[in-house]
Amino acid sequence: MPFAALTDHEAAYAHAKAGNASGAAAEDFDDSAWASVSLPHDFALAQAPDPHANPDQAYRPRGPGWYRRSFRLDPAWQGGALTLVFDGIATNATVWLNGTLAARHFGGYTALAIDLAPFPRFGEEPNVLAVQVDASDSEGWWYEGAGLYRGVWIEHRPPVHIVRHGLVTRPVPLAGEAGAWTIPVTLDLANTTASPADVTVEARLLAPDGTPLAAARTALTLPAQDGALASLTLAVPAPRLWSPEDPALHRLETRVLVAGVESDREDCAIGLRTLRFTADRGLLLNGQPYPLKGVCAHQDHAGVGVAVPASLWDYRLRRLKAMGANALRTAHHAPAPELLDAADRLGMLVLAENRTLSAAPDALDALAELVRLGRNHACVLAWSLCNEESIQASAIGVALVRRMKALVRRLDPTRAVTAALNGAMEAQPNIADELDVVGFNYGRAAIDPYHAAHPDRPLLSSEDTSALMTRGAPTSDAAAHVIADDDSMAVAWGQTHGAAWAFLAQRPWLAGGFLWTGFDYRGEATPFGWPSQSSFFGAMDLCGFAKSAFHIRRALWLAEPVLTIWPHWTFPGQEGQPVSILVASNAQSVSLHLDGQEIARAPVHEGAARLRPVYAPGRLVARAWRDGALVAESACETAGPAVALRLLPDRTRITADRDDAVPVTVMAVDAQGRAVPIAQTGFALAITGGRILGVGNGDPNLALSEAPASDGRSAALALFNGLAQVIVCGEGAAGNTLELVARAANLAPAHCAVQVDPPRIATLPAIPPAQSLTEWRQAPASAQRPVPGQKLAEGDMNSWAWTKPGATQPSDPAARWVLLHVSFTPRRAVATAGGTLRFASLAGRAEIWLDGARIAVKDDPAPARCASFPPGTGERQLDVLFDTLGTLSQTGTRFGIAGTVSLAPTVSANGSRIRS
C-alpha cells in the first residue's frame, strides 16, 4: 500500500505538515475492508511457502503490512504520563497517531516506547493509531515472522510517577552476617506538574508465602517538570533463596505518596540468589557448583509462528524442565517479557542475548532496553553481547564490545558479560579478552588449549551439539528429508547429544553448556532445502513433542532413574525382521522382554542403549540394571488400527485473554485406547466458546497451512507420526466453556472442554468504524454572508487558514460570518448506502451544507449535531457556516467546530449496520 506520489504543490505542502499523514497513515483512511486481527499477530506465517523465497525465513515471503486501531482515552488521564509500548514489531516500523508521525523503529526484538503526551485526544474524540510494519529486511538467519507479534500497551501514570523501568533492585548477601541480605531499591521518579512535589516513597518486601519481611521509607522533593532518584534499603535476616530447583520469589512493593495519598506504585517479583562464574569450578549458584544444563531456543512455535501467547512460554519452559534443563539461551535475540516472568516463576536461568554487535545509537538503545527489561529478574544469568561475529578478532570488534560492555555495566554492574564466539580466540586483538566469561560455540578442539593458556578465565559452552533427527522416525530416508530419531546424526561441526554432554561433564571448570536446540524452529532447515521449512536440530519438535534427544537428556541430566523405549513398538509389515530400538536410561545396562521373554540386552552408553530385536507384536518391557540389580522398568505395547481421535489439553482452565492460550494434543487411539504412533490421519477441528489460533504437527517438511479459518472457528491438518497440536484461546468467552471437537473419516470424534474465566487484562475497546473529517480550511471572516460550496484555487496554501476540529475562536462584530470547508471522499459503505454525519460539538449558530445544499441548521444551545448523509460516490464538499452574532449569545462569544467530525454508516433500528 504505497503512499501516493507527490505530484503537485498542494499535496507536497500538506505532506510536510504535522497531522497531515496521507495514505493508510491518514486519520480518514478507509480501512473498513481490512481484516480484523488480535494480537499478538504474525502475518508472515499466513503467507504460502514459496520455493523462491528466503529459506532461512522458512520460504515465507515477508515485506510490508499495515495495522490501524481507533480508541478513546479517559479524560482523567490528562496531565500524567502516557506511554504507548510495542513489546515487539518485526521488523521496521513507522507509527502515526492522529495523522502525526510519532516514532520510527528498527529492530524486531526490543520494545518501542512512545511518549504519547503531545499526541492524544481525550473523552469522546477518537484517536487513530496507524502502524506501517516493513519486514522486508531481516535481522537474522532464522524465521523472524512479521508484524505486531508481541503485546501493545497503553501505560498510564499520574503526574507524580515512577518512570518506565524506573524500579531497580540488586539484592546482595551481607558480608559477615551468615544468611542475611540487604536489598537496595532505587526508584526513578518524575513530576510533570508545574510545581515542586514533596513525596514519600515506601518499600515493603513480602516472603514467598506473603509474610512481611522488611520495610523502609524516605522523603524527597521533586522539582517541577523534572525528576529525581529515590533510594531505600531493606534488610532481611534469613531469606529463602531462589534457584531453578526452588524458584522462591519474594514480592517487592513500592509506593509513591503525595500529601499522604498514593500517587503511583510498582510491584515486582524478585529472587534472592548469588551467581558467580569461576575459572576452576564453573558456575557457582548460591555458593555451590551448578553445571548449566542449557538449551538454545528461537521464539517460534507450531501454529502461531513468532506470535507466541504468554501462556505458551510457560508450556515451553515446563517442557524444558521436564527434560532436565535448568537454563535457556535466547538465541540470538532479546527475550519476550513474558518469557522472563515465566522463567522467574518456574525456575529457569536465562542467558539473555543481544542481537547486534554495534555501537550505532539504535543498536545501543536496543541493548539498553534488553538490560532494563531483565535486570530485576532472578532468572537472568548473564548478558551475551553477540553471536559468531566475523570481526571478533579485530580492533573494530574490540572497540564495539568495549562500548557495549560499558553500557551494560552502567545499567547492571552485577552480572557477567559474555559472547558466543566461534573460533580464533587466540588471535589478537580479540573480543574474548574483553569478556567476563568466554563463550565457545562448538570448537571442541580449541577449548582445552585455551583453558590451559588462560587458566584464570571462566569458560562456557554457549552452543553445542547440533544433532539432527525427525520426531518419531525409526529410520532415515534422505530422499524424503527424514532423519532417524535415534541421536545417530549430527552436523560436521557438532556432536550427538550423548557425546556433547560427555565432553562437558568431564570438564568441571566449564560452566556447562547450551545445546542447539531445545525445540525445532522454522528456517535454517539443515541439512535439507525445499520443501523442508523448519530445522531438525530440536530435542523437541515445533509443538514441544519429544524426540529421542528429550529422553537421552533426561538420562544424562536427572539423578532419578530414567528408562524410556523409543520410538515405539508398532511396526506392521516387519514381523520377523530386526528393528532399531533406542532405550534412554541412566542405568548401566538394559534388557528387552517381549511377552515375558528376554529378546535383547545392551550396555548403556552416553544416556542410551541401542538394540536390534526381532519384531513381533506384543507387550515390550524394558528393564534397567545397575550393579546387577533391577532399578527401573518401562513398557509399551503394539497398537492396533486407529478407531478414534483423542484430545488432551495441557490445561483445563484458562482466562478469556488472547494471551492465555492452551495447547491441545491431537492423537489417534486403537480399540484399547492405546496411542497409534504411526498414524498420519487427516482431521478437522471445530470450536465453540473460543478461538483456534493455529495448528501444527512438528513435521519439518509440512506442506499444509497451520492457520485456522478466518473466523478462528475451524481448522484442519493431519497427524504426523501419531501427533498434532492445536492452540486455542477463550477470547471473548468469559464464564463459558470452550468446547473443541476433532473429527476424522472412519474414526470416532474426540471432544474436550476447557473452562474459561473472566479476563485479567484490561483492553481499550475498539471504536466502531467511522470516518474522521480532520482536514478543514477556514475562509477569512466576512461582514457579508458568503456562499457555501466555494473551492480554493489549486495550490492556494494561504488564502484560507488550515484548521483541525477541537478548537474555538472569538467572534468579531465587524466580520460576523465564518465559513469552514472540507473536501473528502466517503468510505465505500457510506458512499453506497448513506450514513450519519456527527459533529461532537459545535459552538455557536451554524448551518451545515453538503455539495451546495443546506442539510441542517443549529440554532439551539445543544453542542452535538447529527445529520443524515445521502449516498454518493466521488469527492464531496462539506461546509459549516457560522453566524457569530446569531441568536445563541447565551452560549458565549466563541464559535467553532469544538469537537470531532465523523461520518459513519447508517445503522438500523436494532443497531446493526445497514449494508447495500
Side-chain angles (χ1 to χ4, degrees), residues 162 165-189 199-220 228-257 260 262 264-278 281-292 321 326-327 340-350 371-382 409 411-416:
I162 306 166
H165 293 324
L167 169 60
V168 180
T169 179
R170 302 185 179 107
V172 293
L174 269 175
E177 297 188 33
W181 283 64
T182 182
I183 303 175
V185 178
T186 59
L187 286 169
D188 193 356
L189 305 178
V199 304
T200 300
V201 178
E202 297 180 343
R204 185 171 75 138
L205 185 71
L206 305 180
D209 64 1
T211 303
L213 292 180
R217 63 187 297 161
T218 189
L220 67 159
L229 200 66
S231 299
L232 309 92
T233 300
L234 302 171
V236 188
R240 182 174 155 199
L241 300 187
W242 184 97
S243 70
E245 291 70 33
D246 182 19
L249 289 175
H250 294 69
R251 184 161 189 83
L252 177 64
E253 300 178 344
T254 64
R255 298 198 306 159
V256 180
L257 297 94
E262 182 179 299
D264 198 10
R265 69 176 298 133
E266 183 145 341
D267 304 340
C268 75
I270 61 171
L272 280 60
R273 86 289 179 272
T274 62
L275 290 168
R276 185 163 67 93
F277 287 92
T278 69
R281 301 173 69 197
L283 174 68
L284 302 182
L285 172 64
N286 297 325
Q288 299 300 314
Y290 194 80
L292 291 169
K321 286 183 71 73
N326 59 25
L340 297 182
D341 291 340
D344 276 350
R345 184 175 61 254
L346 297 174
M348 181 70 68
L349 291 167
V350 175
V371 177
R372 292 190 181 102
L373 175 68
R375 61 188 172 184
N376 286 341
H377 285 273
C379 66
V380 175
L381 167 69
R409 281 281 190 269
L411 296 173
D412 178 27
T414 68
R415 289 179 178 85

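Sequence positions, counted from 1, serve as the residue numbers for this chain.
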Discussion item. I want to check something: taking the side chain as every heavy atom from C-beta on, are Pro289 and Leu284 in contact at a cut-off of under 4.5 Å?
Written reply: yes
Discussion item. So which atom in Ala207 and which in His250 form the shortest heavy-atom distance, rounded to 0.1 Å?
Written reply: CA-CD2, 3.7 Å
Item to complete: Would you please name every residue forming a salt bridge (charged side-chain N to carboxylate O under 4.0 Å, His left out) with Asp188, sequence neighbours left out?
Response: none
Discussion item. Set out, in order, the CA-CA distance, both residues' side-chain angles and the distance that settles side-chain contact (heavy atoms from CB on, under 4.5 Å) for Leu189 and Ile162, then state yes or no.
Written reply: CA-CA 5 Å; Leu189 305 178; Ile162 306 166; 3.8 Å; yes
Fill in: Heavy-atom closest pair, residues Gly287 and Arg281
O-NH2, 4.5 Å
Worksheet entry | Min side-chain heavy-atom separation Arg255-Leu257 under 4.5 Å | yes
Practice prompt. Please say whether more than 12 non-hydrogen atoms of neighbouring residues, nucleotides or ligands are located less than 6.0 Å from CZ in Arg409.
Written response: yes
Worksheet entry | All salt bridge (charged side-chain N to carboxylate O under 4.0 Å, His left out) counterparts of Arg375, not counting sequence neighbours | none
Response to the item:
Between Thr218 and Ser231, the two heavy atoms sitting closest are CG2-O, 3.9 Å
Worksheet item: Counting distance only, does the side-chain N/O of Arg251 pair as donor-acceptor with the main-chain N or O of Asp267 below 3.5 Å?
Response: no
Worksheet item: Between Leu275 and Tyr290, is any pair of side-chain heavy atoms under 4.5 Å apart?
Response: no
Fill in: For Leu234, the option from Ile183, Thr182, Thr169 that meets side chain to side chain contact (heavy atoms under 4.5 Å, CB included)
Ile183
Discussion item. Test side-chain contact (heavy atoms from CB on, under 4.5 Å) on Val350 and His377; report intermediate values, then the result.
Written reply: CA-CA 9 Å; Val350 175; His377 285 273; over 6 Å; no
Discussion item. Main chain of Ala378, side chain of Asp344: is a donor-acceptor contact present, judged purely on distance under 3.5 Å?
Written reply: yes
Item to complete: Report the distance from atom OG1 of Thr200 to atom CD of Glu262, rounding to the nearest 0.5 Å.
Response: 12.5 Å
Worksheet item: Between NE2 of His165 and CG of Leu411, what distance do you get to the nearest 0.5 Å?
Response: 10.5 Å
Worksheet item: For Leu340 and Cys379, what are the C-alpha separation, side-chain angles and deciding distance, and is it a side-chain contact (heavy atoms from CB on, under 4.5 Å)?
Response: CA-CA 7 Å; Leu340 297 182; Cys379 66; 3.9 Å; yes
Discussion item. Let me confirm one number: the CG-CG distance from Leu349 to Asn326, rounded to the nearest 0.5 Å.
Written reply: 6.0 Å
Worksheet entry | Asp412: partners by side chain to side chain donor-acceptor pair (under 3.5 Å), with sequence neighbours left out | Trp383, Thr414, Arg415
Worksheet item: So how far is it from Asn286 CG to Arg273 CZ, rounded to the nearest 0.5 Å?
Response: 8.5 Å
Worksheet item: Is the shortest heavy-atom distance from the side chain of Leu167 to the side chain of Val185 under 4.5 Å?
Response: yes
Practice prompt. Please examine the side chains of Leu272 and Trp242, heavy atoms only from C-beta on, and report whether any two atoms are closer than 4.5 Å.
Written response: no
Response to the item:
Of all heavy-atom pairs linking Ala382 and Phe277, the shortest is CB-CE1, 4.3 Å
Item to complete: Answer whether the closest heavy-atom distance between the side chains of Leu232 and Thr254 falls below 4.5 Å.
Response: no
Discussion item. Using modelled atom types and a 3.5 Å cut-off, is there a donor and acceptor pairing between side-chain atoms of Lys321 and backbone atoms of Gly347?
Written reply: yes
Discussion item. side-chain contact (heavy atoms from CB on, under 4.5 Å) for Asn376 and Leu252? Distances and angles first, verdict last.
Written reply: CA-CA 11 Å; Asn376 286 341; Leu252 177 64; over 6 Å; no
